Structure formats: structure tokens, C-alpha cells
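Heads up: the structure comes next, in C-alpha cells.
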There are 2 protein chains.
Amino acid sequence: MAQIKDVAKRAEVSVASVSRVLAGHTGVTEATRQRVLEAIEALDYRPDLAARRLRSRRTDTIGLIVSDIRNPFFTEVSRAVEDMAYQNRMRVILCNTDEDPDKEGFYLDLMRDENVSGVILSPTLPALARFRMSDYSFPVVLVDRCDRETTADAVVLDNADSAYRLITYLIKQGYRRIAFIHGAASATGRQRHEGYVTAMATHGLETQAQAVPATVEAARAAASELIRESSLPDALVGSNGLILLGLVKALREANLQFPEHLGLAGFDDLPWTQLVGPGITVMAQPTYDIGQATIELLLQRIAHPSQPVRRVVLRGELRERGSSVRQKGSAN
Amino acid sequence: MAQIKDVAKRAEVSVASVSRVLAGHTGVTEATRQRVLEAIEALDYRPDLAARRLRSRRTDTIGLIVSDIRNPFFTEVSRAVEDMAYQNRMRVILCNTDEDPDKEGFYLDLMRDENVSGVILSPTLPALARFRMSDYSFPVVLVDRCDRETTADAVVLDNADSAYRLITYLIKQGYRRIAFIHGAASATGRQRHEGYVTAMATHGLETQAQAVPATVEAARAAASELIRESSLPDALVGSNGLILLGLVKALREANLQFPEHLGLAGFDDLPWTQLVGPGITVMAQPTYDIGQATIELLLQRIAHPSQPVRRVVLRGELRERGSSVRQKGSAN
DNA sequence: ACAATAGTTGTAATCGTTTACTTTTTATCT
DNA sequence: AGATAAAAAGTAAACGATTACAACTATTGT
């Protein structure tokens, strides 16, 4: 394996000059630059990253810590992050916390060990609550989850507003007894719940909300319970794609059709939402944009460590489909 | 930031001893071990990975190069890989090729630069065709895609057999004019096509297959075309989850119901397959197992570089659902 | 009690770059 | 042409660990 000194020898320059052309266009004459490039080419030289990182104390690596890669929202976000990262000659280390604060802590420690240039994090609730930028030796940008009090760069959906709009839309459709199933473990679930409560209160309606672990199975179980009760709700709303999936499963098991027996709506426009039944009304998130905005924020923060804290809030988009068409002459 | 010599000083030992206890249980007395551990604890010392990697020439990093992270199959595989990797104190660098051989080449070069301990790759067709283990300075384990000629560790589904079984099942159900839409760019699509052809030939039936880029949109377009033709097939089969999704979309657009107007089946048991219409019959892949088997193979290969090449073939599982129930008195 | 041996510990070289500092070359101005 | 400034190139010291090798200590057998 060729080393920098081999290149230097062949190009008849010093290693410093080689390093300089490697680094970019700093103070070397075009002639030597060419000679060096040619030597690099000829020897198929590739700099040793470990050595470079040791000496320069930079890794050009970013950590991406998501709470559940199986959630298509995060899949799409990570895709965007990777695309942009590699375009900016950065590497990405991907980690999955499964909403487990311990794992999250482990990975954050790992990031410190790796001496990453920065981290993108979708924090668990406890991590968010105690989040201090100064606790980390690297820049952190939050994605998807952030609350009012947190001082940190972040990219999020307008969760409360989106939920408010979705619920208000359902109310306008004629639904009254709207039940809301939301993720218990995330700030996002809470904020969407908040929007739900506000919307219901504005229209003088009683709320019927339930927090569950953000998994398909938990949502399915909770919905089954709800449905079994004597007083069936008008409509069911899930606070994210996984939960919505659980709701659909529960309805199917109970042999309930939407919108015939109940209205249905949720968050996240997943591939299947337009295919089941008459299509499901959802609040769509601009997932790729969210990912892109996040890494841009991080790259800027890395470049300018002391720039003011920024928060990017993207707007959800309502996609009306058949699942929320109120049935004429519906009983309750 | 504390360094190893600070630890050595505090524990009143040499840096070599500290390094030894860090490395494991080699030739240090329990007493000094304790002193060192205590010092490490007290100083909150964490070894510098860049320095370690430079000197030891090992990175404990594996590269995971998948062709499309948005395909739930690969999402699940990567989850398994990560779980296992971190349990074995390895890091994972995730890369997406989008089926683009150029990107793939770029990432493989990157892996070389990173001096990874090993790589898990789902190769594009051209990469597979010219694959030579000896072209790489690191062990490579293939996942999902591999053909008979390739000499490499690999974990794959029994693609041809699974397809054969799925098609045979449909034939037994009474379907005759079975159209097969498969991914053009992957070995997997080809092999499943092969199984389809064999099954049809065995029963003296004519084939009607079409290769498309493995995207939802391409599959949708191809299926729309097929449907528009005068002679409608009996049944449609998609060679993977993305393609199956495209088929469902096309049928919906054309207002065709399954199984009433056509039978439908495919590969990959995605979250939504049991929810659309009467549920879709699929050949399910043991995705998590595939991921797990893959990284296990890689870790073993890393530990024993010259062990014989191994191939793990996992069996697909047929999940019969409503979409493939032949209708009595169906016209053609 | 002494030699041989096995087991611990320490010293210093090494991994392959980047970069501070010094020296040389080139360009500019009078 | 000579003095001065600016630019380019070179030398060698880091970066922070691992590890070959040397040195020292304790154990064992006779």
C-alpha cells in the first residue's frame, strides 16, 4: 500500500507538498500540483484515514441516531441524510435506539468515542427532557422531536398545528366522538395529542385519548379495547404510521369497515394508506425534506459552531381520502 | 481529555500495562488491573479510537451496502445487522446504492479507504457478474443476491424454489394465465423468474413475464399496460414487495378487484399485505434471520479468513390469503 | 540455596498523516 | 542590480494509542 512518502518521492517533492495538494488549493504551484496528482494516480495512493484523523483531530463522520429505523418516516429521513452527507464527503454511522433511553445513552457515548463531527438525534422523551447542548462535545441537531423548552437546533413538523387541522377537518366532516391513540414515548405523540385536545375543546367536544407504546401491536390492542366498549367512537385517529397500522388491524379483526362504521385518519402517508379500504385520510409529513433540512442544519452548525440556535418547522399536508367521509344517517 | 499516560501515571504503572488491561485479560496481575480500572474510572478515560486504529491497523467497523433502504426487506436486514454488530463491539457504516453500479463502486472504494473489517453487500447485477473475492482487501458477504457461479459467502432466500412453490400453488388454485412482473436489475428477480418459468413449464402453461426496474412506479405502469390488453391474465404476481405494491396500485386504478377479477400474489410479507382487500397471498422472507445469518457469517469470516466459502439458503414461507382464492365460474 | 523458567512490567519504536516552523525561491520595487 | 516582501517548498515534531523487546520478579525443582 502506497504511502504519502512514496508519492512525495515519485513526484520529487516533500510530503508536506503532497499533503497540501491533498488538502485543497493552498499555496502550491500548479506545476507541482500536477506532478503530485500524477504520482497519486500512478501509485493508486489513498490516504490512510486513521492517520489523518489522528493527526487532524477531525473525523468527517456524523452519527445518525434514530428511534426506530423500521418506521418508514425514519427510513426516509436517513436516506436523505445519507445522500447529503456523502455528497459533502462525510460518513454516516447509523444507530437504532428502539426508544430505549439506555441504548440511546450507549450510542451517544459511542459518538463521543468516535469523535464525530456532529450528531442527528431523534431523542426519547427522557433524553429530550434533560437535553443540554453543552453536555456534548459535538454539535447535535434534533429531528422529529423537540419541545418548546429545548434549546437546540431542530427540524420538526408543526405537530400541534397539524393535529389541530386534521381533527378540525374531521369535525367539519361531522364526526364528534373522535378517539385519539398516540405514542406515549415521544414528544411528537404528545404534541399531536395537544393539538387534538385543543381542536376538540375549541368545538366543545369531549376528548377520548389514549397513550400507547409506539408499536403496531400496542396500538392494535388499545384500539381493540376501545372498540369493544359499549359506546363506539365516531372516528379513530392514530398519531403516526405505526399506530395507524395497528388501528387498521384492530378494525379488521372486529370486522368494522371504514368509513361505514367509523371514520379513520392518522399521520404519515405511507405507501399503503391509499390502498386499504377506500384509502385513509392522513396528515402527510415531508419526510425527505425533513431529513435534508436536518443535515443542512448540522453541516452549517459544524461550519459555524457559534451561530444562533435555529429551528425549522415544516408543515404537514392533509390528504383527504375515503376513510373520513361521514356516512349520512349514521347512528351516534 | 485524559490520555493513556495520565491513566498510567495515576495508577502508577506503565502505559503498556494500561493498554494491556484495555485489550483484555493478557498477562497483568489482578492487583494492577484493579488499579488501572480505578484510574480509568476516576479520570473518565476513553481510548482515542483514531490512535488505536492507526497503530493496530484494525477498525472494528463493518460496511453495510444495500441497494435500497426504503425497501422494507433491507430495512429489516439492516436492523438485524446493526443489533448484532454493536453487540460484537463493531460499528456500522450504512450506504445506499439505489441500484446504481457507480454509487456502488464509490461506496466499495470508500470501504477500502475506511479500512473496514468487512462488508455486507447486496450487489447490483453487474457487480455480481464480475464479483471476485480477491478484488477486495476485506471480506465481503453477499446478502439477498447471489448466483450459482459466484464464489462468495452469501445468505439468500431459495428464490427459484420459493417462486416455484408460489406459482405451483396458484396453478393448483386453478389459475392458468399467470403473469409475472419481476425486477430487472437484480439477481433475485431473475431467479424468481426462473422459478416461475419452471413451474409454468412443468404444467405446460405459457409464460407471460415482464422485467421492470424494481420500483413501485415502474411496476404500476407495466401492470397497467398488461391489464389494458384484450386478454386479461388470470393472476398477477410481483417478484418483491415494491413491485407488488405497484401491482395493487394499477389494479385499483383500473377498478379491478382481487380475487374477483384477477388473482394476486407476490413476495415479501409487508405490514400492509394482510390489510388490503381480502389480504394478499405472499411468499414471506425471514428478513431478520437473513440479516442475522449474514452478519454472523461475516464475523466468522473475519475471525477465520481462510475458512471455506459458505452459503446459507433460507426458505420462504407461503402465506395464503384471500387474494389468491380462485373464483368459481370465472370466465377465462 | 541456586538455576531455570514462567509470569509481569517497563521502555521506546511505530502506525501514516498534518502542520508549525524554517529555508529557499520567486516576484516586486526603487 | 540589490533590498525587501511574498509565495512555495522542505524538515521534523506532533497526534495517542499498541506492541516488540528488554528487564525485572516470583515460582519451581533439585
Side-chain angles (χ1 to χ4, degrees), chain A residues 1-40 43-61 89 91 110 112-117 137-138, chain B residues 1-40 43-61 89 91 110 112-117 137-138:
Chain A
M1 201 59 182
Q3 312 196 151
I4 201 172
K5 63 183 169 201
D6 302 320
V7 175
K9 201 165 292 171
R10 188 178 223 275
E12 298 176 298
V13 298
S14 72
V15 292
S17 295
V18 177
S19 183
R20 283 182 193 114
V21 343
L22 249 31
H25 36 285
T26 359
V28 297
T29 214
E30 185 57 24
T32 62
R33 209 180 97 85
Q34 285 309 327
R35 293 231 305 290
V36 167
L37 288 177
E38 191 193 293
I40 287 175
L43 298 174
D44 188 28
Y45 165 75
R46 328 222 55 176
D48 184 290
L49 293 180
R52 168 177 290 178
R53 287 171 180 159
L54 171 57
R55 176 58 229 230
S56 71
R57 308 273 65 199
R58 302 180 317 107
T59 57
D60 294 337
T61 298
R89 39 182 52 88
R91 325 263 120 94
L110 188 79
R112 175 184 143 184
D113 290 353
E114 288 284 349
N115 190 21
V116 293
S117 304
S137 55
F138 42 77
Chain B
M1 202 60 181
Q3 312 194 150
I4 200 173
K5 62 183 170 202
D6 302 320
V7 175
K9 199 164 292 171
R10 189 178 221 274
E12 297 177 300
V13 297
S14 71
V15 291
S17 294
V18 177
S19 183
R20 283 183 193 112
V21 343
L22 248 32
H25 37 285
T26 359
V28 297
T29 217
E30 185 57 25
T32 62
R33 209 180 98 84
Q34 285 309 328
R35 291 230 307 289
V36 168
L37 289 176
E38 190 192 296
I40 287 174
L43 298 174
D44 189 27
Y45 165 74
R46 327 222 54 174
D48 184 290
L49 293 180
R52 167 178 290 180
R53 285 170 181 159
L54 171 57
R55 175 60 230 234
S56 70
R57 307 275 65 198
R58 300 182 318 108
T59 57
D60 294 338
T61 298
R89 38 180 55 84
R91 324 264 119 94
L110 188 80
R112 176 184 142 183
D113 290 355
E114 288 284 349
N115 189 21
V116 293
S117 304
S137 55
F138 40 78

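Note that the structure is a prediction, hence the values are computed from the model and not measured. Chain naming here is simple, since letters A, B, ... match the order of the sequence lines and numbering starts at 1 in each.
Arg53(B) contributes no side-chain N or O that forms a donor-acceptor pair with the base of dG16(C) under 3.5 Å.
Comparing Ala50(B) and Ala16(B) along DNA chain D, the residue whose closest nucleotide (by nearest heavy atom) sits nearer the 5' end is Ala50(B). Closest-nucleotide positions on DNA chain C for Val13(B) and Leu54(B) were compared, and the one nearer the 5' end corresponds to Val13(B).
Between Ser14(B) and Ala8(B), the shortest heavy-atom distance links the atoms C-CB, 3.8 Å. Scanning both residues, Lys5(B) and Val15(B), for their nearest heavy atoms gives CA-CG1, 3.7 Å. Of all heavy-atom pairs spanning Thr59(A) and Asn115(A), the tightest one is OG1-O, 2.9 Å.
Distance check: Thr29(B) OG1 to Arg35(B) CZ gives 10.0 Å after rounding to the nearest 0.5 Å. Put simply, CD on Glu38(A) and CD1 on Ile40(A) are 11.0 Å apart, with the number rounded to the nearest 0.5 Å. Rounding to the nearest 0.5 angstrom, the gap separating the CG atom in Asp48(A) from the CE atom in Met1(A) is 8.0 Å.
When the C1' atoms of four end pairs are superposed on the next four at each end of the helix from dA1(C)-dT30(D) to dT30(C)-dA1(D), using five pairs per end, the two resulting axes differ in direction by 30°, to 10°.
Heavy atoms of other residues, nucleotides or ligands lying less than 6.0 angstrom from CD of Gln34(A) number more than 12.
In this structure, the CG atom of Asp60(A) is 14 Å from the C1' atom of dT18(C), given to the nearest Å. Regarding Ile4(B), its CD1 atom lies at a distance of 14 Å from the C1' atom of dC15(D), rounded to whole Å. Per the geometry, CD belonging to Glu30(A) stands 11 Å off P belonging to dA9(D), to the nearest Å. Atom pair Leu22(B):CG and dT9(C):P shows a separation of 15 Å (rounding to whole Å applied).
In the set dG16(D), dT9(C), dA9(D), dT9(C) carries the atom at the smallest distance from any side-chain atom of Ser14(B).
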Open item on the list: Between Arg46(A) and Asp44(A), is the salt bridge (charged side-chain N to carboxylate O under 4.0 Å, His left out) condition met? List the steps.
Closed with: CA-CA 7 Å; Arg46(A) 328 222 55 176; Asp44(A) 188 28; 5.0 Å; no
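Looking at heavy-atom distances under 4.0 Å, Val15(B) makes contact with a base. Using a 4.0 Å heavy-atom distance criterion, Thr29(A) is classed as a sugar-phosphate-only contact. Among the atoms of the strands shown, only primed sugar atoms or phosphate atoms (P, OP1, OP2) are found under 4.0 Å from some heavy atom of Gly27(A).
No donor-acceptor pair closer than 3.5 Å links the side chain of Thr61(A) to the backbone N or O of Val116(A).
OP1 or OP2 of dT18(D) has at least one side-chain nitrogen or oxygen of Arg52(B) nearer than 4.0 Å. In this structure, Arg55(A) does not reach the dA14(D) phosphate: none of its side-chain N or O atoms is under 4.0 Å from OP1 or OP2. Close to dG16(D), at under 4.0 Å from its OP1 or OP2, lies a side-chain N or O of Arg57(A). In this structure, Ser17(B) reaches the dG10(C) phosphate: one of its side-chain N or O atoms is under 4.0 Å from OP1 or OP2.
Shown for residues 31-40 of chain A: residues whose heavy atoms fall under 4.0 angstrom of DNA chain D, namely Thr32(A).
For Arg33(A), the side chain to side chain contact (heavy atoms under 4.5 Å, CB included) partners two or more places apart in sequence, or in a different chain, are Val21(A), Val28(A), Glu30(A), Leu37(A).
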